[in-house]
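As the structure is a computational prediction, the values presented were derived from the model and not from experiment. Heavy-atom basis, side chains included; hydrogens, waters and symmetry copies ignored.
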Amino acid sequence: MINKKVSSAQEALQGIEDSMTLLLGGFGLCGIPENAIAELVQKQTQNLTCISNNAGVDDFGLGLLLQHKQIKKMISSYVGENAEFERQMLSGELEVELIPQGTLAERCRAAQNGIPAFFTPAGYGTEVANGKESREFNGKMHVLEHAFQADFAIVKAWKGDTAGNLIFKGTARNFNPCMAGAAKITIAEVEELVEAGNLDPNQIHIPGIFVQRIFQGEKFEKRIEQRTTRKK
């Protein structure tokens, strides 16, 4: 059996170079590949195009790459928690493409399934549709959207095996599954890594065929983006 395990985030990220396009899983700060992002900061990779639902917060997640001016363009759905993102966008330092959340997910899924493009009603009649082909289906207008073309996808799972099979936990099963296999190379960061055959096949969310490299993260902060508590 093919063993896709690598020893560290540093080894997993080999081949990521300046000006590449990366898919990064997670929703807010939930289910983000923390160790891989930290390694990208250490690598000082520049001029990246990052595709992710969110842009992290000022001092965590993708916010760290923004802080070090390593991102040239962000393709996202929601970015409202990051003041540095706002500053760079308004000053013209950062290129930004905002797209509907469902369209973001579907552009990942299309890439994962080898579908080059699709029509969606989301965004028709707005700035999202500017410059794009539109067509009517069943009396409703749709916009043509293209699948992402990324060099690497970096996802985070709860548990994985050396063959690359992945299990996600709770709400961390968000953009990670549709990004796995949606790039030329997929890197999986996991909390627990076991030998092939130790996972229940009925519980596997993403089969190893979609993953090229897998490693066990050293530590996970799992920060809460907006902590809300009930008064006593």
Side-chain angles (χ1 to χ4, degrees), residues 1-16 22-43 50-54 56-57 60-65 77 101 104-106 108-109 111-113 148 150-227:
M1 182 174 289
I2 298 174
N3 189 336
K4 300 177 180 179
K5 176 184 176 182
V6 294
S7 61
S8 64
Q10 184 177 16
E11 185 179 353
L13 269 56
Q14 286 183 2
I16 295 182
L22 310 180
L23 286 160
L24 295 117
F27 189 99
L29 300 182
C30 178
I32 65 171
E34 299 177 29
N35 292 272
I37 292 172
E39 180 58 30
L40 283 172
V41 174
Q42 292 298 314
K43 280 171 63 70
C50 292
I51 304 167
S52 183
N53 184 66
N54 300 68
V57 292
F60 193 62
L62 289 179
L64 293 172
L65 291 173
S77 176
Q101 197 167 80
L104 177 69
E106 190 66 8
C108 293
R109 195 187 71 84
Q112 183 188 64
N113 289 277
F148 288 125
D151 298 292
F152 283 82
I154 308 174
V155 302
K156 190 263 179 180
W158 169 51
K159 191 179 290 187
D161 67 21
T162 52
N165 298 302
L166 304 177
I167 298 175
F168 303 96
K169 188 175 184 180
T171 53
R173 187 181 175 186
N174 39 57
F175 277 89
N176 285 300
C178 65
M179 287 186 174
K184 295 174 184 175
I185 295 175
T186 293
I187 300 165
E189 171 180 321
V190 298
E191 294 181 42
E192 184 179 345
L193 184 58
V194 299
E195 293 298 320
N198 286 353
L199 299 180
D200 180 351
N202 296 302
Q203 301 301 316
I204 290 171
H205 297 132
I206 287 293
I209 191 68
F210 288 120
V211 177
Q212 282 71 50
R213 304 173 192 171
I214 188 168
F215 73 98
Q216 183 168 325
E218 292 183 3
K219 61 179 182 178
F220 293 93
E221 291 188 44
K222 297 184 180 180
R223 291 198 196 178
I224 296 174
E225 194 167 357
Q226 293 283 357
R227 184 182 294 275

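In this structure, Ala12 and Ile187 approach most closely via the heavy-atom pair O-CD1, 3.1 Å. When all heavy atoms of Cys178 and Ala105 are compared, the closest pair comes out as SG-O, 4.1 Å. The two residues Ala153 and Ala183 come nearest to each other via the heavy atoms N-CB, 3.4 Å. Ile185 and Arg213 make their closest contact through CD1-NH2, 3.8 Å (heavy atoms, listed as atom of the first residue, atom of the second, distance). Here the closest non-hydrogen pair linking Gly217 and Asn35 is CA-ND2, 3.6 Å. Nearest heavy-atom pair, Asn198 versus Val194, reported as atom, atom and distance to 0.1 Å: CB-CG2, 3.8 Å.
To the nearest 0.5 Å, atoms CD1 (Ile37) and OG (Ser52) are separated by 7.0 Å. The CG atom of Leu40 sits 5.5 Å away from atom CG of Leu65, with the distance rounded to the nearest 0.5 Å. Interatomic distance, CZ of Phe210 versus NE2 of His205, reported as 14.5 Å (0.5 Å rounding). Taking CD of Glu106 as the reference point, atom CZ of Phe148 lies at 11.0 Å (rounded to 0.5 Å). Taking OG1 of Thr186 as the start and CD of Gln212 as the end, the distance is 5.0 Å to the nearest 0.5 Å. Distance check: Leu199 CG to Ile167 CD1 gives 4.5 Å after rounding to the nearest 0.5 Å.
Put simply, the side chain of Phe168 reaches to within 4.5 Å of the side chain of Ile206, judged on heavy atoms. No side-chain heavy atom of Gln112 sits less than 4.5 Å from a side-chain heavy atom of Cys108.
No donor-acceptor distance shorter than 3.5 angstrom exists from the side chain of Asn165 to the backbone of Asp161, with no hydrogens or angles considered. The backbone N or O of Asn53 sits nowhere less than 3.5 Å from a side-chain atom of Gln101 that would complete a donor-acceptor pair. Formation of a donor-acceptor pair under 3.5 Å by the Glu11 side chain with backbone atoms of Val6 is not found in this model. Of the possible polar contacts, none joining the Asn54 side chain to the Phe27 backbone as a donor-acceptor pair under 3.5 Å is found.
Residues satisfying the side chain to side chain donor-acceptor pair (under 3.5 Å) test with Glu34, not counting sequence neighbours, are none. In this structure, Glu39 has no salt bridge (charged side-chain N to carboxylate O under 4.0 Å, His left out) partners at least two apart in sequence or on a different chain.
Gln10 CD: 12 or fewer foreign heavy atoms inside a 6.0 Å radius. Residue-environment remark: NZ (Lys4) exceeds the threshold of 12 foreign heavy atoms within 6.0 Å.
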Phe215 and Lys5: side-chain contact (heavy atoms from CB on, under 4.5 Å), yes or no, with the steps? CA-CA 6 Å; Phe215 73 98; Lys5 176 184 176 182; over 6 Å; no
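Partner of Glu191 under the side-chain contact (heavy atoms from CB on, under 4.5 Å) criterion, out of Lys159, Gln216, Lys156: Lys156 alone. When Val155, Asn176, Ile51 are each tested for a side-chain contact (heavy atoms from CB on, under 4.5 Å) with Leu23, only one passes: Ile51.
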